[in-house]
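Because the structure is predicted, anything quoted here is derived from the model rather than measured.
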Number of protein chains: 2
Amino acid sequence: MAVTLKDVAELAGVSRSAVSRSFTEGASVSARTRAKVEKAARELGYSPNALASSLTTGRTKLIGLVSNNFHNPIFLEIFDLFTRGLQERGLRPLLVNLSDETAPGNSVRMLRQYSVDGAIVASSTLPTDFAPAFHEAGIPVVNAFGRYASDPRVHTVGIDNIACGRLAVKSFAARGYRRIAFMGGPEAATSTQDRHAGFMAELAAHPGLEASISFAGAYSFEAGRREMQRLLQAPPAEAYFCGDDVLSIGALSALRDHGVSVPEEVGVLGLNDMEMAGWAGIDLTTIHQPIRQIVTSSIELMMAMLGEPDRYPEARVFPCRIIERATLRPLPEAG
Amino acid sequence: MAVTLKDVAELAGVSRSAVSRSFTEGASVSARTRAKVEKAARELGYSPNALASSLTTGRTKLIGLVSNNFHNPIFLEIFDLFTRGLQERGLRPLLVNLSDETAPGNSVRMLRQYSVDGAIVASSTLPTDFAPAFHEAGIPVVNAFGRYASDPRVHTVGIDNIACGRLAVKSFAARGYRRIAFMGGPEAATSTQDRHAGFMAELAAHPGLEASISFAGAYSFEAGRREMQRLLQAPPAEAYFCGDDVLSIGALSALRDHGVSVPEEVGVLGLNDMEMAGWAGIDLTTIHQPIRQIVTSSIELMMAMLGEPDRYPEARVFPCRIIERATLRPLPEAG
DNA sequence: CAGCTTTTTGCAACCGGTTGCATAAATCCT
DNA sequence: AGGATTTATGCAACCGGTTGCAAAAAGCTG
């Protein structure tokens, strides 16, 4: 049924090695044999079996793409960038949906069985020892959107969530908000913890500010809406830093229903700058996370590791900046 | 570096076949050897190489998941369902992002090289001969969200887009709208064509109605918004059937900006019923597409085909129904 | 315990490729 | 032209598993 090397060799009247060599870049074959082989291959509709060759070459060009964020629309943008970027470099994404799993055992085992050349863990919510487990199992790994650490155990690409937390407080202060609030995502997510930590740290530097803290159950519209509804039972703060855009949009919907005007009475600041944040009618002021750069950089790092598996681990951090839209008061005019 | 069958065999003091058999369900091994083997395997941290075994068994458990819809948030929901469903059945999704490709050649070749056991083409916009190309290359294929045909060449699971077009017109008529409009997605998408055809067909049965037709450039917010802005330069219709929810949401934003009240002055009907359609503040009346059932059914069909590759092709069609929300006038009270 | 069945085991060939090595063919040089 | 190099080719072993087959071991019967 499937046509193999042998069939081509027979038709072309050459040895199997000759066929194999004709299909490998830079192998020692004369132009004449290569031509014969290519002709025969074309006639038979042959294409080499990548899996069989991986057995001897030790490379499958398979990259595990591991994630647990299948409910936040920004991850569709991220998957798009990852899959395109990997494909452009001849790599194939093998997708692993963790669902609610938070231990690495299963995915490590599975990806080892499939001999992936590497794994990209794309998540901002997994525990810090998740990605290193791949490294320990001998799988080159890049942790995209992972927690920044000054002494990373594995390659990490993302933003400094602590700095984001600080940035939020600074922006609030600069715009004259005084009673401010942190409304985080799930408390177990490392990104939430770091943003929270940054928020608190910066708060200490602004004695004039008062802050309140709460957490939503998930990075989702419903969770944000519900949490804001709960908060609105008491007099609200003047500005909320929400854990994420989709959470912010949920919060905004609760504020609107409650007849609270944004940004006059209450300001909202998101994080991510997903496509939807810029939609007319939403117009969310948010901290931009440079996902395109993070993805590109993660893939570059992966490519580098394929050539040099023991590459010394590094953390790549990208700066975030505020995108001014309509849910936060403008900065007072300088002058 | 990697630990193989041979290592385990040596440690356990048995033959390589014995080890192989210990890891295959229902093979002929005594309990005693299996125990020895398992112990040795555990000590060495062995797990069998799925790719090597695929060479002889002819099964990789790899399923190509082919799509080009990486800009419509509903596809995140769809990917979530597919990846979970496949994983639960021990299958591994190999993701193919077509970007703007519309010819099957590349993906067929690639998936053949990786000896996938099957391919799921998940798209409502590809040309009708896309999925059959996999079949012709000997790859079992299911076309999810594909065009319904009474004589399918390959397994097709989805909705009857023609019926959806009719349903839209019927709903408009029942609610007393008279000047109605079809605002489709990209004209080249089969789903757009079918919804359009259904719309026109049903229109013929309602002599009292007047209709206008237009198409947006893509299934996206921006495209919907821009198209509605264009339409609003002339007096608008009373009700629009938009090609898709995200398109509808774009249209709604243009209507709102224009000060047009929905559903009083203009009604909007979407299609898909993605999560976002139900968000407070959007509350889009829409035709529900049962994506969970479509995905589950596609996977079932794939499983069936793995056992019986020449299975006679069938089309599975799921009914759609209107979800009543706030962007269409209610039905007049019966009585 | 012999004789017959059934179960377990190892051998060896195979899956579809790659690659080191020795040899054959082509090319270069004087 | 003849010898020295360089390039091209095929053989055979190997990658990490599976599996048909025959032989060995175990189980059963009387």
The single option from V116(B), V121(B), V142(B) passing side-chain contact (heavy atoms from CB on, under 4.5 Å) against F134(B)
V121(B)

With hydrogens left out and only the distance checked, is there a donor-acceptor pair under 3.5 Å joining R21(B)'s side chain and the base of dG20(D)?
yes

To the nearest Å, how far apart are E10(B) CD and dG10(C) P?
13 Å

Rounded to whole Å, the CG-P distance (L55(B) to dA13(C)) equals 18 Å

About how many Å separate CE of M305(A) and CD1 of I139(A), when rounded to the nearest 0.5 Å?
11.5 Å

Comparing T24(B) and R34(A) on DNA chain D - which has the more 5′ nearest nucleotide:
R34(A)

Regarding the side chain of S20(A), the nearest nucleotide among dT18(C), dT19(C), dT9(D) is dT18(C)

Verify, without hydrogens or angle tests, whether D7(A) (side chain) and T4(A) (backbone) share a donor-acceptor contact under 3.5 angstrom.
yes

Is the distance from OP1 or OP2 of dG17(D) to the nearest side-chain N or O of Y46(B) less than 4.0 Å?
yes

Residue-phosphate contact under 4.0 Å: S30(A) side-chain N/O, dT9(D) OP1/OP2:
yes

Short side-chain N/O contact from T56(B) to OP1 or OP2 of dC15(C), under 4.0 Å:
no

What is the distance, rounded to the nearest whole Å, between atom CZ of R59(A) and atom P of dT19(C)?
12 Å

Separation of atom NZ in K36(A) from atom C1' in dG10(D), rounded to whole Å
13 Å

Counting the atoms with a prime plus P, OP1 and OP2 as sugar-phosphate, which does V19(A) contact under 4.0 Å by heavy atoms, base, sugar-phosphate, or nothing?
nothing

What nucleotide, of dT19(C), dG17(D), dA8(D), holds the atom closest to the side chain of N49(B)?
dG17(D)

Counting distance alone, no hydrogens or angles: does the base of dC11(D) have a donor or acceptor under 3.5 Å from a partner atom on the side chain of S17(A)?
yes

Value in whole Å for how far the P atom of dG10(D) lies from CZ of R16(A)
12 Å

Minimum-distance nucleotide to T57(A) side chain [options: dG16(D), dT18(D), dT19(C)]
dT19(C)

Ring centroids only, cut at 6.0 angstrom: are F75(B) and F79(A) within range, meaning strictly under it?
no

Separation of dG17(C) atom P from R112(B) atom CZ, nearest Å, is 11 Å

Do the side-chain N or O atoms of T33(A) get closer than 4.0 angstrom to the phosphate oxygens (OP1, OP2) of dT9(D)?
yes

If you only use heavy atoms from C-beta on, which nucleotide in dG17(D), dG17(C), dT9(C) is closest to the side chain of P48(B)?
dG17(D)

I want to check one thing: is the phosphate of dT7(C), taken as OP1 and OP2, less than 4.0 Å away from some side-chain N or O of S28(B)?
no

Return the value, rounded to whole Å, for the distance between atom CZ of F23(B) and atom P of dT18(D).
10 Å

For the pair made of CG in L51(B) and P in dG17(D), what is the distance, rounded to whole Å?
11 Å

Using a strict cut-off of less than 4.0 Å between a Lys/Arg side-chain nitrogen and an Asp/Glu carboxylate oxygen, indicate whether E88(A) and R84(A) qualify as a salt bridge.
no

Quick check on DNA chain C: between G13(B) and L5(A), whose nearest nucleotide comes earlier from the 5' end?
G13(B)

Contact under 4.0 Å: S53(B) side-chain N or O vs dG17(D) OP1/OP2:
no

Decide yes or no for E136(B) and V108(B): does some side-chain heavy atom of the first lie under 4.5 Å from some side-chain heavy atom of the second?
no

